[in-house]
Asks: 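The structure is given below, and queries will be raised subsequently.
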Amino acid sequence: MINVAVCGAAGRMGQTVCDAVQAADDLSLVGRADPLLDTALVDVLGDADVVVDFTTPDAAVENARTCLEAGVHCVMGTTGADFSALEGVGSANLFVAPNFAIGAVLMMELAQRVAPHMPECEIVELHHDRKLDAPSGTAKRTADLVRAAGGNVHEPIHSVRLPGLVAHQEVVFGGPGQTLTIRHDSTARESFMPGVLLAVRKVASLERSPTVGLEHLL
Ligand code: NAP
């Protein structure tokens, strides 16, 4: 049994993660940290093997550091923060995924495949209107991967924020006389849960910390 605490437990993602952990036979939900619940991360760390963090860009790096220094593994879903300074901190592992949806991981892989053949590329990401960061972590990660594969991602990345949206992205490639569009839509937050639970189960055995990207666990 893996003991899991959720940081940001009263948020949109945090609540969905709590439900998914409670529904899994091999996981036990041992703590919910969130200002709304009047419970801080340090209050729930003692019982946890793994902390899942879906909070805010401002809080996420310190939350991860707190976990690592306490010897508790951390699965980080919060976007818009830079975790590179946490390399080698503490005795536990940090796993970071800009996007836990398998379809989004495949979108990024397909985009890397297209880039050498049709390098000119634009990224349009669309999210609900309460998302704090722009462009999204997924869009920045896609741009890095496409560039590394030989693509020319035009700036700026386009960010749309509207009620009614969840998380969506188009990667559009253009060449003489043709375009190719790869599109992924998360229409519900449940789309992220298989990836989050996979990370919870695998974070203890990572060879590198931080490890960034769900593709490393698949
Ligand atoms: P949200 O609904 O605003 O939830 C965030 C929650 O975290 C809020 O309840 C917030 O409380 C709480 N919080 C803030 N600081 C905290 C701290 N230091 N300790 C404990 N809890 C704290 O946001 P969301 O829509 O769930 O999104 C959360 C993050 O996940 C965002 O960065 C988003 O981009 C990211 N996300 C990632 C993925 C992925 O696949 N990686 C998918 C979807 C979303 P207050 O409201 O009181 O500040």
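First listed ligand is number 1; within each ligand, the first listed atom is number 1. The shown structure was predicted, so the numbers you read here are calculated from the model rather than taken from an experiment.
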Asks: Let's go through His158 and Glu125 carefully: what are the C-alpha distance in whole Å and the side-chain angles of both, what is the deciding distance for side chain to side chain donor-acceptor pair (under 3.5 Å) to 0.1 Å, and is it a yes or a no?
Replies: CA-CA 6 Å; His158 309 283; Glu125 56 94 345; over 6 Å; no
Asks: Do ligand 1 and Gly77 have nitrogen or oxygen atoms that lie under 3.5 Å from each other?
Replies: yes
Asks: With His168, which of Thr138, Leu126, Val160 fulfils side-chain contact (heavy atoms from CB on, under 4.5 Å)?
Replies: Leu126
Asks: If the contact criterion is a heavy-atom separation under 4.0 Å, does Leu41 count as touching ligand 1?
Replies: no
Asks: Which atoms of ligand 1 are found less than 4.0 Å from any heavy atom of Met13?
Replies: 26 (O), 42 (C), 43 (C), 44 (C)
Asks: Starting from atom 32 (O) of ligand 1, find the nearest protein heavy-atom neighbour and note its residue, name and distance.
Replies: Thr79 N, 3.1 Å
Asks: Just jot down the ligand 1 atoms closer than 4.0 angstrom to any heavy atom of Lys131, in number order.
Replies: 34 (O)
Asks: Looking only at protein heavy atoms, identify the closest one to atom 3 (O) of ligand 1 and say how far it is in Å.
Replies: Arg12 NH2, 3.7 Å
Asks: Please list the nearest protein heavy atom to atom 11 (O) of ligand 1 with its residue and the distance rounded to 0.1 Å.
Replies: Asp34 OD1, 3.4 Å
Asks: For ligand 1, note which part of Phe192 has a heavy atom under 4.0 Å away: side chain, backbone, both or neither.
Replies: side chain
Asks: Give a yes or no on this: more than 12 heavy atoms of other residues, nucleotides or ligands lie within 6.0 Å of atom CZ of Arg208.
Replies: no
Asks: Quick one: look at Pro98 and ligand 1, take heavy-atom pairs under 4.0 Å, and tell me if it's side chain, backbone, both or neither.
Replies: backbone
Asks: Where's the contact between Ala9 and ligand 1, heavy-atom distance under 4.0 Å: side chain, backbone, both or neither?
Replies: neither
Asks: Any idea which atoms of ligand 1 are less than 4.0 Å away from a heavy-atom of Cys7?
Replies: 19 (N), 20 (C)
Asks: Among all the protein's heavy atoms, is there at least one whose distance to atom 7 (O) of ligand 1 comes out below 4.0 Å?
Replies: yes
Asks: Should the pair Asp129-Lys131 be classified as a salt bridge under the 4.0 Å nitrogen-to-oxygen rule?
Replies: no
Asks: Judged by non-hydrogen atoms, does Ala97 sit under 4.0 Å from ligand 1?
Replies: yes
Asks: With heavy atoms of Phe100 as the reference, note each atom of ligand 1 found under 4.0 Å away.
Replies: 39 (C), 40 (O), 41 (N)
Asks: Which distance, rounded to the nearest 0.5 Å, do you find between the CD of Glu215 and the CG of Leu106?
Replies: 10.5 Å
Asks: List every atom of ligand 1 that sits less than 4.0 Å from any heavy atom of Ala59, numbering the atoms from 1 in the order shown and giving each element.
Replies: 15 (N), 18 (N)
Asks: Atom 46 (O) of ligand 1: protein heavy atom closer than 4.0 Å?
Replies: no
Asks: Heavy-atom contacts under 4.0 Å between Arg130 and ligand 1: side chain, backbone, both, or neither?
Replies: neither
Asks: Counting non-hydrogen protein atoms only, what is the nearest one to atom 21 (N) of ligand 1? Give residue, atom name and distance.
Replies: Pro35 CD, 3.3 Å
